[in-house]
Protein chains: 2
Amino acid sequence: MTQKTASRPRTRIQQEKRELILEAALEVFSAHGFRGSTVDQIAVAAGMSKPNLLYYFKGKEDIHATLMQRLLDTWLAPLRELDDIGDPMTELRGYIRRKLEMARDYPRESRLFANEILQGAPRILPLLQGELKRLVDDKVEVMRGWMRSGRIARTDPWHLIFAIWATTQHYADFDVQVRAVLGPDRGGEGRFEDAARFLETLFVEGLRPKA
Amino acid sequence: MTQKTASRPRTRIQQEKRELILEAALEVFSAHGFRGSTVDQIAVAAGMSKPNLLYYFKGKEDIHATLMQRLLDTWLAPLRELDDIGDPMTELRGYIRRKLEMARDYPRESRLFANEILQGAPRILPLLQGELKRLVDDKVEVMRGWMRSGRIARTDPWHLIFAIWATTQHYADFDVQVRAVLGPDRGGEGRFEDAARFLETLFVEGLRPKA
DNA sequence: CTAACGTTTGTCCAATCGGTCAAAATTTGC
DNA sequence: GCAAATTTTGACCGATTGGACAAACGTTAG
């Protein structure tokens with residue numbers, strides 16, 4: 001008997017299968033939520049039997065927790081990149097663009113987190129109150145510096161971050177609605193370009209420092 | 001045997017009980033999603049037994065469908081009110097304020113719809129493509145008029161609407177995250193006032209027509 | 001009072017769920 | 001090539017779920 005998930009997997013095949021399962025779980029969890037997904041669905045999506053999947057993970061919760069933990073860093077990377085060096089407007093435009101690219105290229109990850117938060121974040125609330133809050137507090141200070149030096153308009157940095165989160169993730173989380181409203185002609189791939197142009201203008205003009 | 005849900009309920013007690021069940025279902029569905037909620041939970045929340053609840057509704061799907069249908073009009077009311085009369089900026093500020101008030105006063109309704117859309121809107125996709133799209137198309141034309149007459153900046157009306165939806169509903173759908181990030185001191189009731197001030201400034205400045 | 005109608009409940013059922021287990025199949029180390 | 005270790009599977013289990021049903025309970029009109 002190996003020790004399974006207790007410590008790092010040993011064999012190469014365990015690494016690969018665990019990765020395969022996590023990829024399948026991302027697909028299933030992001031589409032149906034935690035309660036709406038079944039272990040069997042994940043197993044089928046991973047191309048293996050349910051007992052086989054449970055040989056690599058202790059259970060449904062374990063898969064979800066591993067997935068969430070592994071993806072959090074990736075998800076927060078764009079905000080981490082926001083830095084004090086360079087022009088504030090360029091920094092903010094870059095952040096918005098990166099977030100929008102993530103909504104376009106990783107919509108499943110976005111929906112996975114959205115599902116979790118919507119349900120009250122029962123599994124990652126400590127992470128939000130700890131790691132995420134510290135990161136945001138840090139970036140809020142950066143923005144306050146920009147405001148003090150008059151390089152962006154004086155406004156609430158927290159709600160500015162919320163607004164960027166909301167507008168960008170909207171295109172991943174509410175993709176169906178966006179497509180439905182835009183219709184077949186405007187709902188194609190170009191919608192992300194249109195969104196990028198609009199959001200950059202909105203935030204740049206909206207944050208232009210007053211004379 | 002009465003005809004239950006086939007046509008409108010006849011007795012006064014049926015009206016009341018159906019309303020009671022829908023209120024309980026809103027509470028449960030918005031907190032756990034459709035798949036995550038059980039008929040028993042709804043029955044308990046409504047203060048009755050499961051078979052008794054099933055006497056008033058054909059089944060779980062029936063409750064959800066009735067709830068969704070009944071709430072859609074309420075949910076779209078703020079957008080319907082957006083009108084061509086009066087100052088465009090005042091109209092838009094009013095719309096943002098109304099949407100934010102709905103996020104504050106009716107967070108369960110917001111989460112109910114968010115859950116549905118997140119799962120791919122399996123039950124209301126036709127409504128989005130029909131009723132909602134027509135309404136948005138209509139308001140887009142109103143905004144285009146404002147842009148042609150130079151009263152707001154020329155920009156993409158569709159994505160403007162998306163941005164207003166996203167930023168306002170964010171405070172209902174991602175409430176846990178907002179509270180966690182703001183912390184105990186700033187996460188109190190005042191957060192909606194702060195959000196309103198920020199969003200009004202962002203959109204008014206962001207849409208100010210260029211000279 | 002009582003018969004008809006509307007309401008409520010206890011009990012039950014089939015399906016689905018997460019998870020276990022021992023045995024079979026396969027891979028690996030020597 | 002072979003024994004030990006790892007991987008895979010079929011069969012199974014208890015719990016939960018949505019829903020059915022007939023019997024019991026209440027209510028009201030005559």
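Any value given below was found using the heavy atoms of this structure, including those in side chains, with hydrogens, waters and symmetry copies removed. Below, chain A is the first sequence line, B the second, and so on; all start at residue 1.
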Set of residues satisfying salt bridge (Lys or Arg N to Asp or Glu O under 4.0 Å) with respect to [X], sequence neighbours excluded:
X	answer
A:Arg80	A:Asp73, A:Glu131
A:Asp137	A:Lys133
B:Arg123	B:Glu61, B:Glu116
A:Asp105	none

Qualifying residues under side chain to side chain contact (heavy atoms under 4.5 Å, CB included), relative to B:Gln41, sequence neighbours excluded | B:Val28, B:His32, B:Ser37, B:Thr38

Residue list, side chain to side chain contact (heavy atoms under 4.5 Å, CB included) with B:Arg93, at least two apart or on another chain = B:Glu200, B:Val204

Hey, what bend do you get for the helix from C:dC1-D:dG30 to C:dC30-D:dG1 if you fit axes on five pairs at each end, rounded to 10°?
-> 10°

When the distance from [atom1] of [X] to [atom2] of [N] is rounded to whole Å, what number comes out?
X	N	atom1	atom2	answer
B:Glu61	D:dT17	CD	P	17 Å
A:Arg35	C:dG18	CZ	C1'	12 Å
A:Asp40	D:dG10	CG	C1'	13 Å
A:Ile21	D:dT8	CD1	P	9 Å
B:Glu16	D:dT27	CD	P	14 Å
B:Gln41	D:dT17	CD	C1'	11 Å
B:His64	D:dT17	NE2	C1'	17 Å
B:Asp62	D:dA20	CG	P	12 Å

Are any protein N/O atoms closer than 3.5 Å to N/O atoms in nucleotides 8-10 of chain C? If there are, list each pair with its distance.
residue: C:dT8; atom: OP1; partner: B:Lys17; partner atom: NZ; Å: 3.0
residue: C:dT8; atom: OP2; partner: B:Asn52; partner atom: OD1; Å: 3.3
residue: C:dT8; atom: OP2; partner: B:Tyr56; partner atom: OH; Å: 2.6
residue: C:dT8; atom: O5'; partner: B:Asn52; partner atom: ND2; Å: 3.3
residue: C:dT9; atom: OP2; partner: B:Ser49; partner atom: OG; Å: 3.2

Are B:Glu101 and B:Arg98 ion-paired here, with the side-chain N under 4.0 Å from a carboxylate O?
-> no

Taking atom CD of B:Glu81 as the centre, does the number of heavy atoms from other residues, nucleotides or ligands within less than 6.0 Å exceed 12?
-> yes

Within less than 4.0 Å of OP1 or OP2 of D:dT7, is there a side-chain N or O belonging to A:Gln14?
-> yes

I'd like a table of donor-acceptor pairs (distance under 3.5 Å, sequence neighbours excluded) in which one partner is a side-chain atom from residues 158-166 of chain A, with atom names and distances.
residue: A:His159; atom: ND1; partner: B:Tyr171; partner atom: OH; Å: 2.6
residue: A:Trp165; atom: NE1; partner: A:Tyr95; partner atom: OH; Å: 2.9

Under the ring pair (Phe, Tyr, Trp, His ring centres under 6.0 Å) test, which residues partner A:Phe174, sequence neighbours left out?
-> A:His170

With sequence neighbours left out, write down each residue that passes side-chain hydrogen bond (donor to acceptor under 3.5 Å, both in side chains) with B:Glu109, or none if nothing qualifies.
-> none

Of the residues in residues 23-33 of chain B, which ones touch DNA chain D at a heavy-atom distance under 4.0 Å?
-> none

